[in-house]
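First up is the structure itself, then whatever we jot down about it.
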Amino acid sequence: MSADFWAGYLSGIIGIVVGNPLDIEKVHRQTRNNASEKLYSQSSAALMRGTAAPILGYGALNALLFFSYNRSEEILKESASARGAGWITWTAGAMSGLAVWIVSAPTELIKCRAQMSIPATSSWAILKQILRQEGVRGLYHGGVVTALRDSVGYGFYFWTYELAHRCWPAAQEHGSEAASGRRDTPRILLCGGIAGIATWASVFPLDVIKSRLQTQPYSASATPVLVYHQTLAGKRRHGAWQIAKDTYREGGIRPFFRGLSICSARAFLVNAIQWAVYEWAMSGVNAGNENAQLLPQSCND
C-alpha cells in the first residue's frame, strides 16, 4: 500500500486518541435538550468511552481519506485546464469524503451510541447488538446524512488547509524549507488547526442531525440502552427530516450549533496533530526515497 495510506492511518489513530474526551462532550451537548440533565460523569473511564470503534475505524478512514484525496486530485489536475485552482482541491476533498462513507457511517454510529450508552456499553457489545437486531443494514443508519456531512466537510477541509498555506507570510519561510518544498512545524500545526475549525463550522448542523439520528433507541419493542431525548423512549425512530424539524422546534437555530465551541477546540487540536503526523511521515518517506535515488549506480550492479 502507498505511503500516504499508512501516513493517514497513523495520523488518524493518534488524532482520535487525543481528541476523544472532547468528542464525548460534543456528542452529549448535541444530543440533549435544554431540560435534560447530564447523565454521565467525567471519570477517566468515561472520557475514553467509545474510543475502540474510532481507533479501529478512523485509522482506516483517515488512510482511505488521504489516499482517495491524492488520487482524485491527480485525476482532476490532469483533466482540468486551470491547474492548481481552488475548486480542484475542494472537489478532490469532497470526492474523498464520499469514498470514506463505507467506513465512517458504521464507525460514527457505534461511537456515538457507545458514548451515550447508560449504563456504559462497549463498542463491541453495541456492534453485536446492531447486527443481531438489524443486520449489516443497521450499521448504516444515518448513512445519507453522514455521507453529505463528510463530502461537504472534507471539501472545505483540504481547501482550507491548502489556502492557509498559500496565505502564510512568505517572510516566515526559511530558505531551505522553501527550496525543498517542505513545510515547517508551526505552519503545519496552525494550518491544520484552522482547517479543522473550518470543516466543522461548515457542517455542524448536519453533524447535530446525524448524532441525534444515530443515538435514538435501537427499536420500539426493545428496552432502550441509549439515552437520546427521554420523550422518545419506546417510540418509533424518526428520520433525518423529522429530527431536523424537532430540533428547530426545540429552540430555533441555536440547537443546531450547540457544542460548536467545544468542537472547534477539539478540531483545532486534533487536526493540527493529524496534519503534523501526516506531513512528518510523508517527509520521512520522501527523504528515504531521495536518498535511495542518490546511491551510486555501482551499488546496484
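Positions are given from 1, in the same order as the sequence printed here. Atom set for the values below is all heavy atoms of this structure, side chains included, hydrogens, waters and symmetry mates excluded.
- Open room surrounds CZ on Arg137; 12 or fewer heavy atoms of other groups in view lie less than 6.0 Å from it.
- Here Trp241 sits alone; no ILVMFWY side chain lies under 4.5 Å from its own, so it joins no hydrophobic cluster.
- For Tyr9 and Phe67, the distance between ring centers is not under 6.0 angstrom.
- Through direct or indirect side-chain contacts shorter than 4.5 Å among Ile, Leu, Val, Met, Phe, Trp and Tyr, Leu189 is connected to no other residue.
- Note: Phe66 and Phe158 have perpendicular aromatic rings, judged against thresholds of 30 and 60 degrees for the angle between ring planes.
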Inset, instruction - Could you walk me through whether Lys111 and Asp23 pass salt bridge (charged side-chain N to carboxylate O under 4.0 Å, His left out), step by step? - result: CA-CA 10 Å; Lys111 180 206 71 170; Asp23 187 61; 2.9 Å; yes
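- In summary, Arg71 and Asp4 engage in a salt bridge, as defined by a charged side-chain N under 4.0 Å from a carboxylate O.
- Qualifying side-chain contact (heavy atoms from CB on, under 4.5 Å) partners for Arg254, counting only residues two or more places apart in sequence or in other chains: none.
- Taking the six-membered ring wherever Trp is involved, the centroid distance between the rings of Phe268 and Trp200 does not fall below 6.0 Å.
- Checked against side-chain contact (heavy atoms from CB on, under 4.5 Å), Ile262 has the following partners two or more places apart in sequence or in another chain: Leu22, Glu25, Lys26, Arg29.
- For Tyr157 and Tyr154, the ring centers are positioned less than 6.0 Å apart.
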With a 3.5 Å cut-off and sequence neighbours excluded, list the donor-acceptor pairs that the side chains of residues 94-103 form with protein atoms.
from, atom 1, to, atom 2, distance (Å)
Ser96, OG, Ala92, O, 3.4
Ser96, OG, Gly93, O, 2.7
Trp101, NE1, Gly143, O, 2.9

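- Apart from Val144 itself, the hydrophobic cluster it occupies contains nothing, where clustering links Ile, Leu, Val, Met, Phe, Trp and Tyr at side-chain heavy-atom distances under 4.5 Å.
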